[in-house]
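Letters go in sequence order (proteins before strands), and every chain restarts at 1.
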Amino acid sequence: MSENPNAPEKYNAAEVEPRWQSVWKARDVYRAHDDSDKPKFYALEMFPYPSGRIHMGHVRNYAMGDVVARYKKAQGFEVLHPMGWDSFGMPAENAAIATGGHPKDWTYNNIDEMRTPMQRLGFALDWSREFATSDVAYYKEQQRIFLKFWEKGLVYRKTAKVNWDPVDNTVLANEQVIDGKGWRSGAVVEQRDMDQWFYKITNYAEDLLKGLDGLDRWPEKVRTMQANWIGKSEGASIWFGFAENTETSSPKKELFDEALATDQDGGIEVFTTRPDTLFGASFLALSPDHPYSKWLANNLPEAEAFRAECAKIGTSEADIATAPKLGFDTGLRVKHPFVEGATLPVWIANFVLMGYGTGAVFGCPAHDQRDLDFARKYDLPVKAVVLPDGEDAATYDVGTEAYTGEGKLFNSGFLDGLNKSKGIKAAIHKITEMDFGESVTNYRLRDWGVSRQRYWGCPIPVIKCGDCGSVPVPEDQLPVELPYDISFEKPGNPLDHHPTWKSEGVTCPTCGKAAERETDTLDTFGDSSWYFAAFGGSLSADGMDWDAASKWLPVDQYVGGVEHAVLHLLYARFFTRGLIDCGLLDLSHSQFGGEPFAGLFTQGMVTHATYALADESIEKDSWVLPEDVDANDDGTFVHLPTGRPVIKGDIIKMSKSKKNVVDPNEIIQGYGADVARWFVLSDSPPERDVEWTESGVIGAWRFSKKVWNVVSDTTSAEGPLAVASDASGDALELRKLAHRALEKLTAGIEAFRFNTSVAQIYELTNALSKYKGQDAARMEALGILIRAIAPFMPHLAEECWSKVGGEDLVYHAPWPVVDPKMLVDDTITLPLQVNGKRRSELNIPKDMPKDEIEKLALADEAVQRSIGDATVRKIIVVPGRIVNIVAK
RNA sequence: GCGGCCGUGGUGGAAUUGGUAGACACGCAAGACUUAAAAUCUUGUUCCAGUAAUGGAGUGCGGGUUCGAUUCCCGCCGGCCGCACCA
């Protein structure tokens with residue numbers, strides 16, 4: 001077996017890729033320069049948690065950002081494309097507890113292990129700006145930010161009911177509780193009263209909501225989710241004063257007569273968005289957790305029993321939403337603010353939430369479905385006060401469907417005849433005038449509780465003094481460093497158990513007396529709320545440059561998973577506003593105001609088929625590795641190591657437990673980084689999931705070889721920047737195809753539709769591999785091709801570029817420019833339709849007049865056949881598009 | 001329950017403002033090269049009828065607007081995601 005000396009040189013990714021990576025590194029080409037004259041472009045992907053292994057989801061995420069970064073570089077921008085590690089958090093502690101190691105060692109070993117494959121993928125990253133959020137320098141700056149926020153009134157401490165995760169032994173923010181369970185542990189969350197630090201995100205509720213309007217390069221879906229989360233509602237608070245209990249005699253009456261005697265001015269405040277329907281009110285409803293409900297329960301066994309019954313209903317949201325309406329008549333009555341002498345009964349109702357508004361509502365059954373359900377069940381009056389258009393006031397009846405739409409108010413005293421919005425205004429005006437209430441805007445958004453009873457996080461820089469209370473650690477004493485010598489033997493927070501850290505040598509900065517450190521650490525979502533600024537400011541042990549950070553922000557293109565739509569992205573938007581208000585950041589130059597991310601793209605996951613032994617149920621954990629599965633001829637599957645039958649399960653996100661994980665390292669070794677990158681970007685639209693298949697990888701690998709073969713078959717002495725301006729015949733056709741492909745693939749990158757760019761690259765490659773000429777047209781098309789694949793397969797592109805005599809690096813080559821002359825044809829193919837069905841086509845000069853086109857169309861043989869005996873009624877000629885002949 | 005997105009060949013998916021449905025790729029089939037295989041190349045591939053020319057149907061289902069609908073409107077069915085009694 002001898003090598004054919006004429007055989008084309010083989011492309012060897014294992015040799016080529018590291019070689020170019022070392023060239024890039026030696027020339028430091030990916031460094032972003034703060035002082036560049038070029039316009040800036042900040043490309044960022046959500047930085048990874050250092051679990052120790054990279055997975056295909058990372059490859060896809062970073063490959064997308066890399067396409068944008070490299071493309072923008074070619075477009076002449078100064079590109080910042082950094083990488084770091086979101087390295088604080090519970091997995092490190094859990095690993096330490098499980099294996100006896102130290103969270104810090106575990107974390108930094110993982111980072112080292114992940115950095116190597118990440119670099120092997122050849123992303124255009126400025127590694128000089130790398131940091132981990134667990135670096136002392138990083139959390140020192142974060143402590144500074146905490147103190148600045150405190151000065152600005154954005155940090156406070158209070159005892160509050162908190163979400164306690166009994167598995168992770170820590171507090172969770174509202175955003176981190178999903179379906180009543182901890183977002184990470186999945187444990188059912190309990191409510192506890194605890195002393196907590198809070199970030200005052202509610203200060204920015206309105207601004208965070210308004211800011212969404214300007215984010216036109218964010219997915220609509222994410223903006224909607226955030227708006228819903230902030231949950232603004234405008235309405236009024238209304239005071240209902242107590243009235244005398246009208247029951248003749250009952251334990252309830254006695255109770256309230258007693259209470260009224262001591263509290264003459266008592267009453268209940270409700271929140272409503274529909275004060276216009278006040279005349280339709282027929283009851284007041286209190287949350288079971290309302291102070292009056294509790295007071296009543298303490299004094300009346302029936303009420304206590306009712307509260308217990310409400311508490312029995314499950315905690316899952318689905319249970320709560322479908323639970324039947326339950327009520328308890330308290331016997332108490334309140335005065336209607338507008339109707340002299342009228343009173344309303346007060347009920348406790350299970351559907352009223354204590355956590356929103358005032359924990360009490362007035363019920364207007366005709367115009368609120370919940371109130372209607374409740375009223376029907378307990379036989380309370382239903383009085384319509386909004387008349388839908390076209391209904392007759394005398395006969396109108398709401399039945400079982402509450403009417404919440406527009407209409408004219410009636411049965412409503414001074415509000416009669418007004419529409420909904422005018423009615424609301426008039427009602428609020430009157431309430432205010434009577435001093436029964438005022439207009440109020442409510443938000444669902446709560447302040448962000450950030451205390452975590454954990455070790456591996458940013459220490460809260462606070463000293464607790466018996467006399468002075470909570471005192472900030474002076475800035476010159478930062479950082480408050482985490483001790484290394486900790487023990488996880490006792491449950492709970494190791495910082496709290498530490499023999500010396502908490503109190504030894506700790507004195508109050510204000511009074512100098514012995515004091516204690518705060519032992520809670522900050523929620524790690526805080527770490528990821530400003531890291532994008534730290535990259536811009538080149539954070540290092542010497543601190544960071546906030547002015548430089550301000551210049552790089554906002555991030556022009558952010559790429560990450562949609563699972564962060566509310567949590568991370570909302571926190572980061574809040575932090576950026578806080579940093580601006582503290583004077584650390586200045587984004588006055590930005591057209592996006594205080595927004596950190598001008599453009600956001602949420603990419604889909606990488607999925608893979610799952611297989612399970614057929615003689616076990618899928619639930620029983622009988623998953624097998626896809627690589628051990630082979631297909632039989634009859635379409636069934638077999639497990640190769642055991643010969644047992646296998647069934648194919650769902651195609652789902654790669655996960656260790658389902659054994660459908662593909663290790664990027666193996667793909668890189670087998671096929672190269674370019675192939676892995678190309679695969680995750682081809683075929684599926686970026687926002688959708690992409691299914692990993694063996695055949696798909698092989699296809700990507702074949703394609704990379706095909707590109708190389710085209711380059712190997714090239715002997716022309718022209719360089720890749722050739723312009724074949726006098727091309728004709730096949731050469732002209734190739735030029736046209738190349739420029740059309742270029743136009744479309746550029747548009748694809750701009751629109752984040754890389755799969756369509758990929759299709760254009762395929763087409764151009766196919767045309768080139770068939771093209772025989774060794775002329776300027778070939779080189780022009782090839783030059784376009786190489787530069788077009790560079791953002792996707794940078795190593796292959798460099799190798800090709802250098803092989804065909806390209807100067808410098810393809811990374812430094814400008815993006816090819818479309819020649820508009822190549823996009824227009826002298827002759828065009830015009831489809832001919834008869835009654836909307838395509839029957840034939842015409843090849844005609846592009847500027848042929850309409851009447852001539854009509855003549856030719858009617859003369860067409862196939863058209864004639866289709867028209868047959870029918871009479872031509874009309875001919876529609878859309879120039880350059882279509883001809884449609886209407887015949888009947 | 002409410003809101004949003006989506007539904008196109010065997011598969012992933014294309015398709016400017018409504019204008020040739022199925023680009024491109026995977027898979028499959030046939031062929032070339034080869035002793036053979038792999039690799040590569042060529043051709044074909046929406047479905048039905050037909051050797052073919054050609055004809056008919058066709059973008060989840062049913063209607064509508066239009067000369068013309070994958071695209072716009074109405075009503076269903078199915079899937080995914082978000083919210084979940086927020087007054």
Side-chain angles (χ1 to χ4, degrees), chain A residues 8 10 178-179 219-222 224-229 231-233 235 270-275 277 285 287 316-323 325 349-353 355-364 367-371 373-374 404 442-445 562-563 565-566 651 682-685 687-691 693-700 702-703 705-706 709 741 744 747-748 753 755-766 769-770 829-841 862 865-866 873-878 880-888:
Chain A
K10 281 227 175 95
I178 292 145
D179 288 342
E220 191 60 45
K221 183 182 166 184
V222 175
T224 308
M225 283 167 72
Q226 293 219 354
N228 289 342
W229 189 264
K232 178 178 182 174
S233 56
V270 306
F271 172 73
T272 181
T273 55
R274 293 295 304 274
T277 63
S287 162
S316 93
E317 258 96 20
D319 287 349
I320 292 168
T322 55
K325 303 267 180 292
N350 65 339
F351 65 90
V352 181
L353 305 173
Y356 190 80
T358 61
V361 299
F362 78 77
C364 176
H367 306 294
D368 183 289
Q369 192 60 46
R370 293 157 302 184
D371 297 344
D373 294 344
F374 191 77
T404 56
N442 247 310
Y443 296 90
R444 207 183 80 119
L445 183 70
V562 74
E563 65 272 20
V566 176
I651 296 162
S682 54
D683 275 2
S684 287
E687 70 277 11
R688 277 197 226 169
D689 293 350
V690 63
E691 187 196 347
T693 60
E694 192 62 25
S695 57
V697 182
I698 292 169
R702 273 193 212 140
F703 174 68
K705 283 201 295 188
K706 188 166 187 172
N709 289 341
K744 287 183 188 163
R753 293 151 53 82
N755 56 320
T756 61
S757 300
V758 164
Q760 295 303 318
I761 290 172
Y762 278 129
E763 206 147 353
L764 177 53
T765 308
N766 289 341
S769 84
K770 281 179 193 144
T829 304
L830 204 59
L832 302 180
Q833 290 182 340
V834 177
N835 291 331
K837 285 261 173 206
R838 182 186 175 280
R839 294 298 175 185
S840 185
E841 59 187 31
R865 200 174 337 122
S866 297
R873 293 286 160 90
K874 203 173 181 185
I875 303 177
I876 291 131
V877 179
V878 184
R881 282 246 180 250
I882 207 159
V883 178
N884 190 14
I885 295 163
V886 186
K888 278 194 178 152

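- Heavy-atom distances to RNA chain B give each of A:Pro685 and A:Thr273 a nearest nucleotide, and the one nearer the 5′ end belongs to A:Pro685.
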Could you give me the CA-CA distance, side-chain angles and deciding distance for A:Thr277 and A:His367, then say whether side chain to side chain contact (heavy atoms under 4.5 Å, CB included) is met? CA-CA 8 Å; A:Thr277 63; A:His367 306 294; 4.3 Å; yes
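- Checking side-chain atoms of A:Asn350 against main-chain N and O of A:Lys325 turns up no donor-acceptor pair under 3.5 Å.
- When the C1' atom is compared between B:A36 and B:G55, the two are found 46 Å apart, to the nearest whole Å.
- The shortest distance between side-chain heavy atoms of A:Ile761 and A:Phe703 falls below 4.5 Å.
- Atoms CD and CG, from A:Glu687 and A:Asn755 in turn, are 7.5 Å apart once rounded to the nearest 0.5 Å.
- Contacts of A:Lys744 with the nucleic acid, taken as non-hydrogen atoms under 4.0 Å apart, are absent.
- A distance of 9.0 Å separates OG in A:Ser840 from CZ in A:Arg865, rounded to the nearest 0.5 Å.
- The CZ atom of A:Phe271 sits 15 Å away from the C1' atom of B:C85 (whole-angstrom rounding).
- Taking atom C1' on both nucleotides, B:G27 is separated from B:U46 by 15 Å, rounded to a whole Å.
- In this structure, B:G9 is classed as syn because its glycosidic torsion stays within 90° of zero.
- In this structure, CZ on A:Arg702 lies 13.0 Å from CG on A:Asn709, to the nearest 0.5 angstrom.
- No side-chain donor from either of A:Tyr762 and A:Ser757 sits under 3.5 Å from a side-chain acceptor of the other.
- Taking atom CE of residue A:Met225 and atom C1' of nucleotide B:C2, one finds them 15 Å apart after rounding to whole Å.
- With both ends at atom P, the span from B:A25 to B:G75 equals 41 Å, rounded to whole Å.
- The line from CG of A:Asn228 to CE of A:Met225 is 8.5 Å long, rounded to the nearest 0.5 Å.
- Spacing between atom NZ of A:Lys770 and atom P of B:C41 amounts to 10 Å, rounded to whole angstrom units.
- Rounded to a whole angstrom, the distance from the P atom of B:C26 to that of B:A39 is 13 Å.
- Judged purely by atom type and a 3.5 angstrom limit, A:Asp368 has no side-chain atom pairing as donor or acceptor with the backbone of A:Gly363.
- Heavy atoms of other residues, nucleotides or ligands lying less than 6.0 angstrom from NZ of A:Lys232 number more than 12.
- Contacts of A:Arg688 with the nucleic acid, taken as non-hydrogen atoms under 4.0 Å apart, involve only primed sugar atoms and P, OP1 or OP2.
- At the heavy-atom level, A:Thr224 lies nowhere under 4.0 Å from the strands shown.
- Protein atom CG of A:Asn228 is 11 Å distant from nucleotide atom C1' of B:A84, rounded to whole Å.
- The structure places NZ of A:Lys706 at 4.5 Å from OG of A:Ser769, a figure rounded to the nearest 0.5 Å.
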Which letters describe nucleotides 19-34 of chain B, given B = protein heavy atom under 4.0 Å from base, S = only from sugar-phosphate, - = neither? BB--BSSSS-------
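- On a pure distance criterion of 3.5 Å, a polar donor-acceptor pair joins the side chain of A:Arg370 and the base of B:A87.
- At B:A15, one or more side-chain N or O atoms of A:Arg753 fall inside 4.0 Å of OP1 or OP2 (strictly under the cut-off).
- Atom-to-atom, CG of A:Leu830 to C1' of B:G68 comes out at 14 Å; the value is rounded to the nearest Å.
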Quick one: which protein N/O atoms are closer than 3.5 Å to N/O atoms of nucleotides 53-59 of chain B? Pair and distance per line, please.
from: B:G56; atom 1: OP2; to: A:Arg839; atom 2: NH1; distance (Å): 3.0

Read 5' to 3' with Watson-Crick or G-U pairs under 3.5 Å, [ ] for crossing pairs and | for partners on another strand, RNA chain B gives (((((((..(((......[....)))((((((.......))))))((((....))))..(((((..]....))))))))))))....
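- Interatomic distance, A:Arg873 CZ to A:Asn835 CG, rounded to the nearest 0.5 Å: 10.5 Å.
- When the P atom of B:A84 is taken as reference, atom CZ of A:Phe351 falls 18 Å away, rounded to whole Å.
- The CG-C1' distance, from A:Asp368 to B:C2, rounds to 14 Å in whole Å.
- For the C1' atoms, the distance linking B:G22 with B:U71 amounts to 15 Å, nearest Å.
- A gap of 31 Å separates the C1' atoms of B:G1 and B:U59, to the nearest Å.
- No side-chain donor-acceptor contact under 3.5 Å links A:Gln833 to the backbone of A:Ile882.
- In this structure, A:Asn442 contributes its side chain and A:Ser233 its backbone to no donor-acceptor pair below 3.5 Å.
- Atom name C1', nucleotides B:G68 and B:G18: the rounded distance is 8 Å, in whole Å.
- Counting distance only, with no hydrogens placed and no angle test, the side-chain atoms of A:Lys221 and the base atoms of B:C81 include no donor-acceptor pair under 3.5 Å.
- Listed candidates were B:C85, B:U42, B:C67. Nearest to the side chain of A:Lys874 is B:C67.
- Rounded to whole angstrom, the span from the CG atom of A:Leu353 across to the C1' atom of B:C85 amounts to 6 Å.
- One C1' atom belongs to B:C5, the other to B:G60, and the distance between them is 16 Å to the nearest Å.
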